[in-house]
2 protein chains.
Amino acid sequence: MSGLTIGDLAKRTGLAVSAIRFYETHGIVHPVRNAGGHRRYGAHDLRRLSFAMIAQKLGISLTDIANQMIHLPIHKAPSKSDWSRISTEMRTDLDARIAQLELLRDRLDGCIGCGCLSLDSCALYNPDDIRANEGTGPRALLP
Amino acid sequence: MSGLTIGDLAKRTGLAVSAIRFYETHGIVHPVRNAGGHRRYGAHDLRRLSFAMIAQKLGISLTDIANQMIHLPIHKAPSKSDWSRISTEMRTDLDARIAQLELLRDRLDGCIGCGCLSLDSCALYNPDDIRANEGTGPRALLP
DNA sequence: CCTTGATCTAAAGTTGACTTTAGAAATTAC
DNA sequence: GTAATTTCTAAAGTCAACTTTAGATCAAGG
């Protein structure tokens, strides 16, 4: 009668059904159950998923997103001010990531013809100020 | 007598001993063994490690780095022309990554005051042309 | 010679974000 | 009413890049 099935939600968001269930374990969505034990979702869940998906595009980890949502009523979507707060934080981080990549690019330009490949003298290899693509997993973006 | 121990190499590169052993399984280094079965490395191994570490800073995966090294003699370090070829490819990719992040930033600017969070209308959520931070693991950078 | 300390191997664990699998029960379509 | 979908759960698997663990052996300093 009321509510979207998990399949409906998957079609609307483009997420896999399994991903939506996984998000539930992280507290992103909070479906109710129908008589047969199947999940039913409301519009707030759709918005919460949208919020999570967009925040992920910005590089925020699921854990951080979930932490933001902890402060929200379970059956409410994030508000405009929630979004403002987070997106403003993101703006700063995004600038930093861009600056790092540009630094890397500039150094690479000076290095393409060099080929010294020495850890001592190569400007490219500077552990202190190059943070981009450090390796496995996404970095924490919200403190 | 001859050759560096794995500990020496670790100190010179800043890598963990376990990481160097791991790299060996990927064919990055090829130590010989001494009488007691311990690994002994040459200068070429140090350079191969440097090459790998610098390439990683550029966002190239270990697998891709190993694939590049397959074409090299085992006991030879990558040459200037090897580095040129790879670094030139990287330059292109780096530009693309920067452009994507800048696009994201511009859209975020237009979105900070908005808060619509709609998958249909939010410019931020455009699966087709935003590739940055797609999620788990590093992207393939060399084809 | 003896005691630290370094190295050895193989296997399992870590993290993030999910997917896959298997077998059972509910729902929908005809 | 029955067949075809969907959904259910819990547990295990995946990928990348390593690290940790355990128990054994090797090397080096005094």
Side-chain angles (χ1 to χ4, degrees), chain A residues 1-29 31-41 45 49 52-67 69 132-142, chain B residues 1-29 31-41 45 49 52-67 69 132-142:
Chain A
M1 184 157 181
S2 84
L4 299 155
T5 68
I6 196 167
D8 294 337
L9 216 54
K11 269 169 212 149
R12 297 263 190 117
T13 59
L15 292 168
V17 166
S18 60
I20 299 176
R21 288 203 198 95
F22 174 75
Y23 288 161
E24 184 181 342
T25 68
H26 283 255
I28 307 285
V29 285
V32 296
R33 300 302 180 114
N34 74 354
H38 285 196
R39 295 170 176 85
R40 288 301 127 99
Y41 298 87
D45 289 313
L49 278 183
M53 294 171 76
I54 294 172
Q56 274 196 302
K57 287 279 165 189
L58 292 176
I60 309 180
S61 72
L62 252 201
T63 304
D64 287 338
I65 293 168
N67 283 339
M69 291 210 181
N133 272 76
E134 272 173 348
T136 188
R139 304 293 111 207
L141 295 177
L142 297 177
Chain B
M1 186 158 179
S2 86
L4 299 155
T5 69
I6 196 168
D8 294 337
L9 216 54
K11 269 169 213 149
R12 297 262 191 117
T13 59
L15 292 169
V17 166
S18 61
I20 298 176
R21 288 202 198 97
F22 174 74
Y23 288 160
E24 183 180 345
T25 69
H26 282 256
I28 307 286
V29 285
V32 295
R33 300 303 180 113
N34 73 355
H38 285 196
R39 294 170 177 84
R40 288 299 130 99
Y41 298 87
D45 288 314
L49 277 183
M53 293 171 77
I54 294 173
Q56 274 196 302
K57 288 278 165 189
L58 292 176
I60 309 180
S61 71
L62 251 201
T63 304
D64 288 336
I65 294 167
N67 284 338
M69 291 210 179
N133 274 80
E134 270 172 348
T136 189
R139 303 294 113 205
L141 295 176
L142 297 177

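Worth saying up front: this structure is predicted, and the values here are computed from it rather than measured. Keep in mind that the numbers below use all heavy atoms, side chains included, and drop hydrogens, waters and symmetry copies. Residue numbers start from 1 in every chain, and the chains themselves are labelled A, B, ... in the order their sequence lines are given, proteins ahead of strands.
Nearest heavy-atom pair across A:Ala16 and A:Ala10 is C-CB, 4.5 Å.
Each of B:Arg21 and A:Phe22 was assigned the nucleotide of DNA chain C with the nearest heavy atom; the assignment lying further toward the 5' end belongs to B:Arg21.
Rounded to whole angstrom, the span from the CG atom of B:Leu62 across to the C1' atom of D:dC18 amounts to 9 Å. Here D:dA27 presents its P atom at 16 Å from CG of B:Leu4, a figure rounded to the nearest Å. Summarising the geometry, the separation between NE2 on B:His26 and C1' on D:dC18 is reported as 9 Å, rounded to the nearest angstrom. Separating the CG atom of B:Leu49 from the P atom of D:dA17 is a distance of 15 Å, rounded to the nearest angstrom. Distance, B:Ile28 CD1 to D:dA16 P: 14 Å, rounded to whole Å. To the nearest angstrom, P of C:dA6 lies 16 Å from OH of B:Tyr41. Atom pair B:Leu9:CG and C:dA6:P shows a separation of 16 Å (rounding to whole Å applied). Distance CD1 (A:Ile6) to C1' (D:dC8): 10 Å, rounded to an integer number of Å.
Taken from CE in B:Met53 to CD1 in B:Ile65, the straight-line distance is 10.5 Å, to the nearest 0.5 Å. Separating the CG atom in B:Leu4 from the NZ atom in B:Lys11 is a distance of 11.0 Å, to the nearest 0.5 Å.
Looking at the side chain of B:Thr63, the nearest of the listed nucleotides C:dC18, D:dA17, D:dT19 is D:dA17. Taking only side-chain atoms of A:Arg33, from C-beta outward, the nucleotide of C:dT9, D:dC8, D:dT19 with the closest atom is D:dC8.
Look at A:Arg39 and you'll find a side-chain N or O under 4.0 angstrom from OP1 or OP2 of D:dC8. For the pair A:Tyr23 and C:dA17, the criterion of a side-chain N or O lying under 4.0 Å from OP1 or OP2 is not met.
Residues passing the side chain to side chain donor-acceptor pair (under 3.5 Å) test with A:Asp8 are A:Thr5, sequence neighbours excluded. Residues satisfying the side chain to side chain contact (heavy atoms under 4.5 Å, CB included) criterion with B:Thr63, sequence neighbours excluded, are B:Ser61, B:Asn67. Remark: A:Tyr41 pairs with no residue by the side chain to side chain donor-acceptor pair (under 3.5 Å) rule, at least two apart or across chains.
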Considering only distance and modelled atom types, tabulate donor-acceptor pairs under 3.5 Å from the side chains of residues 19-29 of chain A, sequence neighbours left out.
unit_1: A:Tyr23; atom_1: OH; unit_2: A:Gln56; atom_2: OE1; d: 3.2
unit_1: A:Glu24; atom_1: OE1; unit_2: A:Arg39; atom_2: NE; d: 2.6
unit_1: A:Thr25; atom_1: OG1; unit_2: A:Phe22; atom_2: O; d: 2.5

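Five base pairs at each end of the helix from C:dC1-D:dG30 to C:dC30-D:dG1 define two local axes, and these are offset by 10° (rounded to 10°).
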* Could you run down nucleotides 20-30 of chain C 5' to 3' and tag each one B, S or - for protein heavy-atom contact under 4.0 Å? -> B-----SS---
